[in-house]
Amino acid sequence: MKSLEFGMLLTGLLYGSVLLIGSLVFEKFRSRRIRQSFLLVASYALYLTWGMWFGVVLLTSTVMNFLVGRWLKRQPTATVLWTGLAFNLALLAVFKYIPGVAVSIPIASLQKFSHLALPLGISFWTFQAMSYLLDLYRGEELDPSFVEFALYMAFFPVTISGPICRMPEMLPQFRSGERVSRHDIGRGLCRIATGLLMMQTAQLLGKGILGGEGINGGFDHLTRWSGLDVWCLAFGYGLQLFFDFAGYSHVALGAAKILGFTVPENFARPFASTTPSVFWTRWHMSLSFWIRDYVFLPLAVLRREVWWRNLALVISMVLFGLWHKGSLLFVLWGSYHGILLVLHRQSQGLQRRLKWEPPAAIWTPVSWMVTITLISAGWILFRANSLPQAAQMLAAVVSPASYLDHVLPRSLYLLVMGLAVAYAAVLFVINSLDRYSQRLGMEPATSRSEIVEVMARDRWVWVAPMWAAASLLVVTMMERQSGGANVFMYRFF
Amino acid sequence: MFLASVVVSTAAFVSFDYLYTGTILGSAVSGGPHGFCFARDPVRGFAFQPNCSCTRPWLGSSYEFNTNSLGFRDERIRDVPASGARPRVLILGDSAPEGMTAWQDSFIGRVAANFPQYEFLNGSVEGYSPSNYLNTARKVIDDGIEFDEAIVFIDISDTQDEAAFFHDVDPSGAVATAKQKLTKGNWYSSLRRSINDHLLLTNDVFELFERNLVRLGWYHLDLGHGGNEFDLERSAWTYRKVSDTDPYETGYGPLGLEGGIAREKAKMDLLWQELAKRNISISVVVYPWPAQLAHDSVDSRQVRIWREWCEGKCRRFVSLFPAFFAVKEQCPRTQPGCWYLSHFIFGDTHYNSAGDAIVADVIGKSLAEKPVTKRQSKVSSQDTAEQPKGPVRSIEHPHGQS
């Protein structure tokens with residue numbers, strides 16, 4: 001376990017060093033060739049540290065997609081497009097889906113696939129490749145060189161776990177010779193710091209506090225749950241996943257920013273969503289928008305009927321689920337969200353037909369609560385270790401008698417509630433300061449508080465010590481807990 | 001603004017830590033209905049309750065603790081019959097052989113597991129020294145419990161205990177403890193102790209730095225337990241001058257260092273005599289504290305004293321100094337203090353699991369070399385009456401007190 005954590009530390013140091021060297025190279029050189037060459041070599045060098053074989057798969061995919069792209073530019077037909085998409089889907093099938101089911105298939109030749117290691121980030125960079133082909137087919141003017149395309153596929157801040165980038169956004173940035181500003185570096189460092197704290201917080205949620213087990217133990221070691229336990233685990237897991245993945249996204253975006261790149265945001269305060277539709281514009285946005293643009297919209301325009309549009313929505317969400325893993329639980333999770341979205345659309349239609357407009361002061365909190373509850377229930381399907389476990393947990397949710405007791409340690413309830421409140425408080429402070437910053441200059445100086453003004457203007461001055469204290473708190477609390485290595489959760493998808 | 005933020009952040013951290021620690025300690029082990037299994041004893045001052053079970057905390061962790069019908073630490077509660085089929089070994093010592101960890105991790109627990117052909121009766125109790133090794137052995141003999149060998153683990157701190165902590169209250173050898181107790185410490189000791197007791201997370205942060213300093217060979221570790229763990233007054237007498245006049249535990253008054261050593265030897269002489277006339281062999285084990293490993297040598301004064309004492313008396317004399325100095329030698333030059341982190345409980349003078357394993361290994365080799373055999377009983381009840389237990393008359397000390 002310790003060696004795994006030491007390995008993670010070394011990897012972190014390695015990435016940090018490359019980032020530092022990269023910022024110096026970008027500061028010193030404006031030549032597109034030097035910049036691109038550095039980025040490509042650094043990206044492949046870092047990717048190869050995860051496994052030589054992974055690099056071979058990535059390079060093969062890069063070469064194939066580049067060639068198909070060239071072919072598609074010359075001959076933009078559906079056959080060529082489907083050839084490219086089929087290659088990418090086959091790649092995903094071979095490395096991601098077949099190994100998962102090969103063990104249970106009674107065909108010896110297929111069972112060999114079960115030993116194949118999943119190349120890190122394959123779901124992310126394969127979707128990037130497919131979006132490139134789809135964009136070309138749609139007629140986007142994209143003319144990347146091989147180096148630029150290889151860089152697009154292997155760009156190290158986003159290779160392992162996204163966000164999923166698009167070529168039209170990345171190509172101009174790869175070609176830019178602009179100097180990285182101090183503001184960009186500062187902003188990037190802030191985001192990395194925020195991300196690291198969030199990832200540590202996710203680990204703490206997984207391990208628990210005060211000697212009790214955390215979310216991981218609640219799912220992996222218990223065999224019986226009360227209704228309250230299930231809600232605590234479901235909501236807690238949502239928070240854990242958010243802190244982990246959003247934290248990682250902050251680090252990725254921050255690292256890209258330090259090099260002067262702007263990559264797509266992946267999260268936008270999803271726990272503030274007041275409807276399932278809004279939630280999916282705020283959670284794992286780069287994948288959500290990918291599915292919307294390349295699956296849902298093309299499907300939805302095939303027929304005009306409402307039932308078809310609703311079916312397209314469900315199909316899209318099932319694909320969203322399958323993107324994570326080829327298992328029945330993820331199919332159910334995707335279907336569940338597809339149905340939620342359909343129900344939400346239907347209710348909106350009904351509301352419009354009835355011309356019913358409830359007062360926002362009441363309706364918004366109710367809608368928010370219902371949304372968070374429904375989203376949380378979905379995490380049971382996402383995280384459960386097996387279908388029977390998910391069924392047992394959902395049965396506990398609908399059994400009133402099970403709410404009389406709880407099996408989970410109180411410390412976990414305390415931790416989940418504490419972190420939810422702390423996160424809400426942080427959002428509130430940030431929102432208030434943002435609003436205050438906007439008002440600065442518009443109001444007379446006499447009406448302003450000097451301290452709040454400094455807090456709004458020079459945030460690092462007070463945020464840095466707060467961040468240090470919070471990080472120290474989280475790390476020391478986590479170190480007191482035993483069991484469970486600190487591993488980024490989304491690297492397995 | 002930055003300074004204010006640092007102060008506010010630190011205050012927030014400490015406040016949260018205080019609440020967190022309070023919650024942890026609030027749910028910490030309390031020992032159960034038997035407290036921590038301690039009892040007053042008219043002869044030894046204190047002892048363990050017989051047939052007792054509890055959970056005992058020790059430096060941030062806790063372990064299960066059981067005693068047998070003799071009031072000795074054992075694997076589980078059990079009745080100890082007067083005699084047994086297997087050769088019996090009576091262990092005498094203080095906290096080290098008692099074990100401040102789970103039975104199976106303690107070195108006596110390990111030795112017992114490795115030598116099932118012997119029955120081990122662990123009469124060790126924290127804070128004991130030769131006066132009470134003698135009293136414990138006498139109690140076992142008086143209770144009619146047979147044993148074939150006594151292994152005495154002489155602790156470095158026994159010298160101060162004999163010189164300054166215990167004194168005889170009557171000719172039977174019954175002891176009482178010193179009333180006066182002075183603790184060595186300064187403002188840092190007090191601060192460090194407060195942090196240790198009330199702020200677990202802050203303590204972890206301090207420990208992080210302290211561990212690395214010790215690793216680098218900075219042998220100064222004051223957690224508020226009476227001074228620097230690497231240079232406590234209790235363990236310093238083998239390599240530097242200690243106070244002969246200051247009372248326990250800042251010095252060795254009233255008997256002084258040499259008086260303490262003389263009293264140790266005298267009590268051990270009595271123990272040997274009582275065992276010898278019953279044809280029970282005696283063995284002595286000496287082991288180093290962190291201070292000895294940091295400042296002393298393999299041929300420490302502690303080793304020399306007991307090797308000499310053992311000549312003509314002991315079935316075996318075991319020094320653990322070479323084994324632990326060998327561990328120290330293995331530390332890389334860049335981490336000269338690694339031996340402490342790897343073989344001692346951090347912030348303590350007791351061995352951790354790895355240290356206990358070394359002790360068990362060395363003792364095990366000795367037992368394999370010279371097995372314990374069933375003795376031929378040669379003493380009658382008359383013999384006991386002929387040599388009544390008496391005070392340690394031979395002890396003399398610089399201040400004329402006894």
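Please read all numbers here as calculations on a predicted model, not as lab measurements. Here is the naming used below: chain letters follow the sequence lines, and residue numbers restart at 1 for every chain.
Heavy-atom contacts from other residues, nucleotides or ligands closer than 6.0 Å to OH of B:Y188 number more than 12. No more than 12 heavy atoms of other residues, nucleotides or ligands sit less than 6.0 Å from atom CZ of A:R187. Counting heavy-atom neighbours within 6.0 Å of B:F46 CZ, excluding the residue itself, gives a total above 12. Crowding of B:L3 atom CG: a count of heavy atoms from other residues, nucleotides or ligands under 6.0 Å not exceeding 12. Enclosure of atom CZ in A:R269 by more than 12 non-hydrogen atoms of other residues, nucleotides or ligands within 6.0 angstrom is indicated. Within 6.0 Å of CD in B:E64 there are 12 or fewer heavy atoms belonging to other residues, nucleotides or ligands.
With rounding to the nearest 0.5 Å, the separation of CZ in B:F13 from CG in A:L472 is 4.0 Å.
Looking at every heavy atom in both residues, A:P465 comes nearest to B:S9 through C-OG, 3.4 Å. Scanning both residues, B:Y20 and A:I209, for their nearest heavy atoms gives CE1-CB, 4.4 Å.
Interface check for chain A: of the options B:T202, B:L200, B:D17, the most heavy-atom pairs under 4.5 Å are formed by B:L200.
B:L208 has its side chain out of reach of A:E479: every pair of non-hydrogen atoms, C-beta onward, lies at least 4.5 Å apart. No side-chain heavy atom of B:D204 sits under 4.5 Å from any side-chain heavy atom of A:M477.
Heavy-atom distances place no part of B:V7 under 4.5 Å from chain A, backbone and side chain included.
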